[in-house]
Participant: 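Let me give you the structure first, and then I'll get to my questions.
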Amino acid sequence: VLIDVRTPEEYDLGHIPNALNYDFYSDTFQSKILNLSKNESVILYCRTNNRSNKTAKILKEKGFKEIFVIEGGITEWVKNGNDINYTAYSD
């Protein structure tokens with residue numbers, strides 16, 4: 001499962017296709033992230049790796065086995081020419 005741990009505003013500015021948005025700063029973040037299956041591979045990213053590395057540490061401490069962090073975050077993802085999706089504007 002691919003998780004973007006940035007804020008919803010950051011996510012709306014561009015995110016990796018099929019990424020779920022779990023806001024690291026949200027009050028419900030820990031409960032949402034810990035609701036994931038420990039048997040699934042979890043791929044994390046943020047802007048530059050700060051929040052995703054902190055999230056990986058939390059998951060590891062809670063017994064998750066397959067945790068991956070996209071090196072350099074979405075910043076490197078875009079710099080390397082990979083696609084991102086944008087959230088459509090609605091009034």
Participant: Quick check for you: to the nearest 0.5 Å, what is the distance between Phe24 atom CZ and Glu10 atom CD?
Facilitator: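 Going from the CZ atom of Phe24 to the CD atom of Glu10 covers 12.0 Å.
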Participant: Enter the distance from Ile67:CD1 to Ser52:OG here, rounded to the nearest 0.5 Å.
Facilitator: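 Atom-to-atom, Ile67:CD1 and Ser52:OG are 11.5 Å apart.
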Participant: With distance as the sole test, does Trp77 use its side chain to make a donor-acceptor pair with the main-chain N or O of Asp83 at under 3.5 Å?
Facilitator: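 Pair found, side chain donor or acceptor close to backbone of Asp83.
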Participant: Do Tyr25 and Leu20 sit in one hydrophobic cluster, given that two such residues count as connected whenever their side-chain heavy atoms are within less than 4.5 Å of each other, even indirectly?
Facilitator: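 Yes, it is one cluster - the side chains of Tyr25 and Leu20 are joined through contacts under 4.5 Å.
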Participant: Rounded to the nearest 0.5 Å, what separation is found between the CG atom of Leu44 and the CZ atom of Phe68?
Facilitator: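 Rounded to the nearest 0.5 Å, the CG-CZ separation comes to 10.5 Å.
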Participant: Please name the residue in the list Leu36, Thr55, Leu2 that meets the side chain to side chain contact (heavy atoms under 4.5 Å, CB included) test with Val42.
Facilitator: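 With Val42 as partner, side chain to side chain contact (heavy atoms under 4.5 Å, CB included) holds for just one option, Leu36.
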Participant: Between Arg6 and Ile74, is there a side-chain heavy-atom distance shorter than 4.5 Å?
Facilitator: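 A side-chain contact under 4.5 Å exists here.
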Participant: Dump the intermediate steps for side chain to side chain contact (heavy atoms under 4.5 Å, CB included) on Lys60 and Lys57, then the final yes or no.
Facilitator: CA-CA 5 Å; Lys60 185 170 176 71; Lys57 184 177 179 194; 5.7 Å; no
Participant: With side chain to side chain contact (heavy atoms under 4.5 Å, CB included) as the criterion, how do Ile70 and Glu76 come out once you've worked through the C-alpha distance, each side chain's angles and the decisive distance to 0.1 Å?
Facilitator: CA-CA 9 Å; Ile70 295 178; Glu76 282 297 313; over 6 Å; no
Participant: How many angstroms lie between atom OH of Tyr11 and atom CG of Asn85, to the nearest 0.5 angstrom?
Facilitator: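 That separation rounds to 7.5 Å.
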Participant: Checking the side chain of Asp23 only, and the main-chain atoms of Phe29 only, is there a donor and an acceptor separated by less than 3.5 Å?
Facilitator: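 Looks like no, no N/O pair under 3.5 Å.
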Participant: Check for a donor-acceptor pair, side chain of Thr75 on one end and backbone N or O of Arg47 on the other, with a separation under 3.5 Å.
Facilitator: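 Looks like yes, one N/O pair under 3.5 Å.
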Participant: Is it possible for you to say whether Val78 and Val69 belong to one hydrophobic cluster, with membership spreading through side-chain heavy-atom contacts below 4.5 Å?
Facilitator: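 The answer is no; the residues belong to distinct hydrophobic clusters.
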Participant: Look only at the side chain of Tyr45 and the backbone of Ile16, and say whether a donor-acceptor pair between them is shorter than 3.5 Å.
Facilitator: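 Checking the backbone N and O of Ile16 against the side chain of Tyr45, a donor-acceptor pair under 3.5 Å is found.
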Participant: Could you tell me the separation between the CD atom of Glu40 and the CD atom of Glu66, rounded to the nearest 0.5 Å?
Facilitator: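 Here the rounded value is 10.5 Å.
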Participant: Would a distance-only check, ignoring hydrogens and angles, find a side-chain to backbone donor-acceptor pair under 3.5 Å from Asp4 to Tyr22?
Facilitator: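 No.
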Participant: Quick one: are Phe64 and Leu34 in side-chain contact, heavy atoms under 4.5 Å?
Facilitator: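 Heavy-atom side-chain distance check passes, below 4.5 Å.
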Participant: Rounded at 0.5 Å granularity, tell me how far OG in Ser26 sits from NZ in Lys32.
Facilitator: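 So the OG of Ser26 and the NZ of Lys32 are separated by 6.5 Å.
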